[in-house]
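In what follows, a structure is listed as structure tokens, so that the remarks can point back to it.
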2 protein chains.
Amino acid sequence: MSALDTAVHGLRALIAEGTLRPGDRLPSEGELCEHLGVSRGSLREGIRMLSALGVLETRHGSGSYVSDLNAGDLIGSLSLTVGLLPLESILELYELRRALEAHAAALATARISPDEIAELEAILVELEGTVDDGEQSALDHRFHMRVAEIAGNSALASLLAVFRARSRAYRIFRTESAAEIKVLSDAGHRSILRGLQSRDPVAASSAAAGHVAQTEYWLRKLQPDAIGLTD
Amino acid sequence: MSALDTAVHGLRALIAEGTLRPGDRLPSEGELCEHLGVSRGSLREGIRMLSALGVLETRHGSGSYVSDLNAGDLIGSLSLTVGLLPLESILELYELRRALEAHAAALATARISPDEIAELEAILVELEGTVDDGEQSALDHRFHMRVAEIAGNSALASLLAVFRARSRAYRIFRTESAAEIKVLSDAGHRSILRGLQSRDPVAASSAAAGHVAQTEYWLRKLQPDAIGLTD
DNA sequence: ATCGAAGAAGTTGTTATACAAATTGGTGTT
DNA sequence: AACACCAATTTGTATAACAACTTCTTCGAT
């Protein structure tokens with residue numbers, strides 16, 4: 001077993017067995033080196049691996065701390081890498097997104113409050129009133145994020161946030177089909193909101209699925225044009 | 001910007017802009033240090049972060065290589081950390097799993113072949129004939145994994161594999177309700193397979209959703225007993 | 001007594017150096 | 001052509017030293 005493996009497994013074990021709990025500060029690097037029997041360099045590489053995965057957080061001059069271990073944050077650690085996926089993988093993620101957005105919409109119908117309905121309404125009004133592609137993208141993002149948050153499952157919201165972050169890189173609102181896209185996109189959002197208002201989970205989820213499928217269709221169609229900045 | 005950030009962003013940029021492609025070997029650590037202007041230690045920490053996320057792979061004595069960048073492998077990198085999540089998060093993941101297994105079953109109805117149906121049938125026969133909890137868990141795992149693979153979306157299959165890996169830690173087949181669980185579990189699997197055989201996506205997906213919901217119910221109910229080995 | 005500045009101690013961040021361990025490619029022998 | 005061997009390259013590991021930051025204590029002024 002390599003020194004790096006020793007460090008990673010050792011640290012992970014300290015958390016898994018409860019010796020270190022979320023929020024706790026790890027012993028200093030010096031102590032951990034002695035405890036695990038590895039050099040400081042190897043230990044630091046191990047700490048970095050776990051911090052890349054969202055398990056640890058390090059503060060310069062203070063120490064390393066165990067993160068709040070929740071599904072949402074751990075899933076969020078994927079956001080650094082999804083930007084590297086090729087278009088083929090993105091389309092796979094769209095298929096997932098379709099199922100997840102539909103599920104989120106269905107869950108949201110059961111939990112949404114009048115205030116939240118008004119909030120979504122306000123977002124849509126603003127979205128329908130703008131033609132700037134950057135604003136459209138941002139408001140579209142906010143609308144879907146709020147629905148996912150209202151659904152009340154942080155893992156679901158994080159997963160959708162990761163997927164959407166990647167999708168936004170392909171700016172379909174900037175293509176020559178932008179006008180047509182906006183009309184159908186606005187209608188799709190309205191349809192989702194109607195489903196939420198009437199507390200009809202089937203209507204909301206099918207509207208969400210249809211909306212994502214529509215976006216996916218445009219992305220496939222405009223693929224050559226849309227691939228712009230990978231950020 | 002810290003030296004570590006310089007290293008991570010520098011490496012990521014080399015991949016994002018296409019200078020380094022999947023399968024390529026990175027320049028040696030010495031060259032990268034000079035190119036990025038950081039020390040070897042900082043560079044190595046950066047490489048470790050990206051390898052923890054499934055973007056790079058390092059071979060002792062040979063070099064570091066860019067991984068096959070696909071959604072499945074990147075999602076698979078979560079498997080190291082989901083084992084650290086508390087039960088509360090696991091139940092969130094179950095809700096996701098319910099939606100995803102249902103989606104996978106629906107997709108599978110459209111793509112499954114007669115051979116694959118026979119394969120699933122064989123797994124169920126074996127599963128129904130055993131009472132050993134380890135075998136039951138393994139066969140249950142194989143059945144669901146095959147369905148996810150047949151669905152043809154590697155990101156979906158990986159995500160479900162990650163979730164299921166965590167669920168298996170809570171060995172509900174070993175509780176005092178094992179007998180009752182086995183009867184309903186077997187029936188649930190049969191129901192899913194019937195949906196696949198008849199190529200009825202609604203039947204298959206609702207059977208899958210019901211099966212997961214049933215498992216989730218048992219986990220909630222047996223929570224105190226079931227929490228055994230986290231590994 | 002309270003507040004604030006200064007400083008000491010502790011911790012992580014970064015670099016440099018040296019050597020061990022593994023792979024790779026070539027070389028020469030059979 | 002096959003094999004063993006060696007040399008070069010590369011990653012793995014350890015150690016040392018110092019910089020940068022945080023935290024807490026101490027001390028002094030108000």
Side-chain angles (χ1 to χ4, degrees), chain A residues 1-15 19-69 73 77 80-81, chain B residues 1-15 19-69 73 77 80-81:
Chain A
M1 196 186 220
S2 71
L4 176 58
D5 287 344
T6 303
V8 171
H9 288 129
L11 291 169
R12 190 185 178 285
L14 287 175
I15 300 172
T19 307
L20 291 174
R21 317 180 80 181
D24 285 355
R25 211 198 79 179
L26 272 63
S28 71
E29 293 181 350
E31 292 177 65
L32 283 172
C33 290
E34 195 174 356
H35 176 51
L36 297 171
V38 299
S39 74
R40 198 177 157 215
S42 299
L43 173 74
R44 283 177 62 84
E45 289 183 18
I47 290 176
R48 286 281 125 78
M49 292 187 74
L50 291 176
S51 69
L53 294 168
V55 175
L56 298 178
E57 291 169 35
T58 299
R59 300 178 215 161
H60 187 182
S62 175
S64 289
Y65 299 79
V66 180
S67 306
D68 266 350
L69 294 171
D73 290 347
S77 69
L80 229 177
T81 64
Chain B
M1 194 186 221
S2 70
L4 176 57
D5 288 344
T6 303
V8 171
H9 288 128
L11 291 169
R12 190 184 178 286
L14 287 175
I15 300 171
T19 307
L20 291 174
R21 318 178 79 181
D24 286 355
R25 212 199 79 180
L26 272 64
S28 71
E29 292 181 351
E31 292 176 64
L32 283 172
C33 289
E34 194 174 356
H35 176 53
L36 297 171
V38 299
S39 74
R40 200 178 154 211
S42 299
L43 174 73
R44 282 177 63 83
E45 288 184 17
I47 291 176
R48 291 300 175 215
M49 292 188 73
L50 292 176
S51 69
L53 294 168
V55 175
L56 298 178
E57 292 169 34
T58 299
R59 300 177 215 163
H60 187 181
S62 174
S64 289
Y65 299 79
V66 180
S67 306
D68 266 350
L69 294 171
D73 289 348
S77 69
L80 229 177
T81 64

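Residue numbering restarts at 1 for every chain, and letters A, B, ... go by the order of the sequence lines. All values derive from a computational prediction rather than experimental measurement. Only heavy atoms go into these numbers, but all of them, side chains included; no hydrogens, no water, no symmetry mates.
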Kindly write out the residues that satisfy salt bridge (Lys or Arg N to Asp or Glu O under 4.0 Å) with B/Arg40, not counting sequence neighbours, or none if the list is empty. B/Glu29
Does a nitrogen or oxygen in the side chain of B/Ser42 sit under 4.0 Å from OP1 or OP2 of C/dG13? no
Using atom CD of A/Glu45 as one end and atom P of D/dA14 as the other, report the distance to the nearest whole Å. 10 Å
Using whole Å, report how far CG of A/Leu26 lies from P of C/dG13. 12 Å
In whole angstrom, what separates A/Arg44's CZ from D/dG12's C1'? 17 Å
Residues of residues 50-63 of chain B with any non-hydrogen atom less than 4.0 angstrom from an atom of DNA chain D: list those, numerically ordered, please. B/Thr58, B/Arg59, B/His60, B/Gly61, B/Ser62, B/Gly63
Find the distance A/Asp5:CG to D/dT11:P and express it as a whole number of Å. 18 Å
Does some side-chain heavy atom of A/Leu26 sit less than 4.5 Å from a side-chain heavy atom of A/Thr58? no
Report the nucleotide, chosen from D/dT10, D/dA14, C/dA16, that has the shortest atom-to-atom distance to any side-chain atom of B/Arg25. D/dT10
From A/His9 atom NE2 to A/Leu4 atom CG, the distance as rounded to the nearest 0.5 Å: 9.5 Å
Side-chain N,O (B/Arg48) to OP1/OP2 (D/dT13) below 4.0 Å: no
Nearest to the side chain of B/Glu31, which nucleotide is it out of D/dT10, C/dT11, D/dA14? D/dT10
Please name all residues satisfying side-chain hydrogen bond (donor to acceptor under 3.5 Å, both in side chains) with A/Thr6, sequence neighbours left out, ordered by chain then number. none
Keeping A/Ser67 on the side-chain end and A/Val55 on the backbone end, is there a donor-acceptor pair under 3.5 Å? yes
Of the options D/dT10, C/dG13, D/dG12, whose atoms approach the side-chain atoms of A/Glu29 most closely? C/dG13
Between C/dG13 (C1') and B/Leu43 (CG): distance, integer Å: 15 Å
Should the heavy atoms of other residues, nucleotides or ligands under 6.0 Å from CG of A/Asp68 be counted, would the total exceed 12? no
Nucleotide nearest A/Val38 (side chain, heavy atoms from C-beta), chosen from C/dG13, D/dA14, C/dT14: D/dA14
Here the distance between atom C1' of C/dG13 and atom CZ of B/Arg40, to the nearest Å, is 18 Å
Please report the distance, rounded to the nearest Å, between CD1 in B/Ile47 and P in D/dT10. 13 Å
Side chains of A/Leu20 and A/Leu11: closer than 4.5 Å at any heavy-atom pair? no
I want to check one thing: is the phosphate of C/dT15, taken as OP1 and OP2, less than 4.0 Å away from some side-chain N or O of B/Ser39? yes
For the pair made of CD in A/Glu34 and P in D/dT13, what is the distance, rounded to whole Å? 19 Å
